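FYI, side chains are in, hydrogens and waters are out, and symmetry mates aren't considered; it's all heavy atoms of this structure. By convention here, the first residue in the shown sequence is residue 1. Nothing here was measured: the structure is a model prediction, and the numbers come from that model.
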Amino acid sequence: MEVEVKFRLPNKSSHQKLLSVLSPFHIATRYQHNEFVDGSAYELSSQRAVLLLRLYEQTHIPECIVCLKAKPVLADGVSCIEMEYEDLDPAIFKACLDDPQKLMHVDLRVLRRVKEEFGVRRFVGLGGFRNVRNVYKWKGVKLDVDEAKYHFGEMYEVECETSDPERVKKMMEEFFKENGIDYSYSVMSKFAVFRAGKLPSS
């Protein structure tokens, strides 16, 4: 179970202001290409699950994962979701862009679970989006500041995985207020926004 605190930033100006304030704590920038896969009969989405293929671009050695996300709950800026992932050959990621059915022949624990537990017999691609993630080590926690690039617009979000979400949420809200950064609690996951085809209303 992954537990995260999630805040949405209203616009690029707030995003750039946050990047500037956090710049002394920056440790990495990750360029993500996210693609989503379901069964041909929507066996995953009908059971509140989705399969994510993520390629990390602009890295010295290509990196890729396949991740099953299930039973998401997002309330008051705290997200809880079941998550299981494994490394995936980047060549398979690229092959699956054209033919997701190639995943049927990949022997990974996550994919076996998708086929056996969810009953998927044929994979179909749902599409995806790219995300620029700036990572910061700040006050003992790791902050991910995201710029999700959808075909219908960009969304800005701050995430922090934690075992103590209420404490971290309070700490982050105080930080935003001290630095004059507008924010709100996230109300939809990035995948939900992608599937809706529009940015959530402010």
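- With sequence neighbours left out, Pro72 forms a side chain to side chain contact (heavy atoms under 4.5 Å, CB included) with Arg48, Ile81.
- Counting only heavy atoms from C-beta outward, the side chains of Leu126 and Val37 never approach each other to under 4.5 Å.
- Minimum interatomic distance between Cys80 and Val3 (heavy atoms only, all atoms of both residues): SG-CG2, 4.1 Å.
- Both Ile92 and Leu97 are assigned to one and the same hydrophobic cluster, defined by single-linkage of ILVMFWY side chains at heavy-atom distances under 4.5 Å.
- The closest donor-acceptor contact from the side chain of Gln101 to the backbone of Phe123 lies under 3.5 Å.
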task: Step by step, work out the ring-ring contact (aromatic ring centres under 6.0 Å, His included) result for Tyr31 and Tyr56.
output: CA-CA 6 Å; Tyr31 298 88; Tyr56 292 96; over 10 Å; no

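- Minimum interatomic distance between Ser45 and Asp38 (heavy atoms only, all atoms of both residues): OG-OD2, 2.7 Å.
- Side-chain contact check for Leu103 versus Leu111: some heavy-atom pair is nearer than 4.5 Å.
- Counting heavy atoms from C-beta on, the side chains of Val193 and Met155 come closer than 4.5 Å.
- The side-chain heavy atoms of Tyr183 and Phe175, taken from C-beta on, include no pair separated by under 4.5 Å.
- For an aromatic pair to be called close, the ring centres must be under 6.0 Å apart, and His33 with Phe129 fails this.
- Taking hydrophobic clusters as Ile, Leu, Val, Met, Phe, Trp and Tyr residues chained together by side-chain heavy-atom distances below 4.5 Å, Met104 shares a cluster with Val114.
- Test Lys190, Arg8, Lys6 against Asp146 for salt bridge (Lys or Arg N to Asp or Glu O under 4.0 Å) and you get one pass: Lys190.
- In the hydrophobic clustering of this structure, Phe118 groups with Val110; members are Ile, Leu, Val, Met, Phe, Trp, Tyr whose side-chain heavy atoms approach within less than 4.5 Å, directly or through other members.
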query: Should Glu173 and Tyr185 be marked as a side-chain hydrogen bond (donor to acceptor under 3.5 Å, both in side chains) after you check the CA-CA gap, both sets of side-chain angles, and the distance that decides it?
result: CA-CA 10 Å; Glu173 289 194 79; Tyr185 295 152; 2.9 Å; yes

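- In this structure, Leu88 and Leu53 have side chains that are in contact, with non-hydrogen atoms separated by less than 4.5 Å.
- Counting heavy atoms from C-beta on, the side chains of Phe152 and Leu199 come closer than 4.5 Å.
- Between the side chains of Glu157 and Ser186, at least one donor N or O lies within less than 3.5 Å of an accepting N or O.
- Every ring-ring contact (aromatic ring centres under 6.0 Å, His included) that Tyr156 has, sequence neighbours left out, goes to His15.
- For the side-chain hydrogen bond (donor to acceptor under 3.5 Å, both in side chains) condition, the pairs that include at least one residue of residues 60-76, sequence neighbours left out, are Arg30-Glu63.
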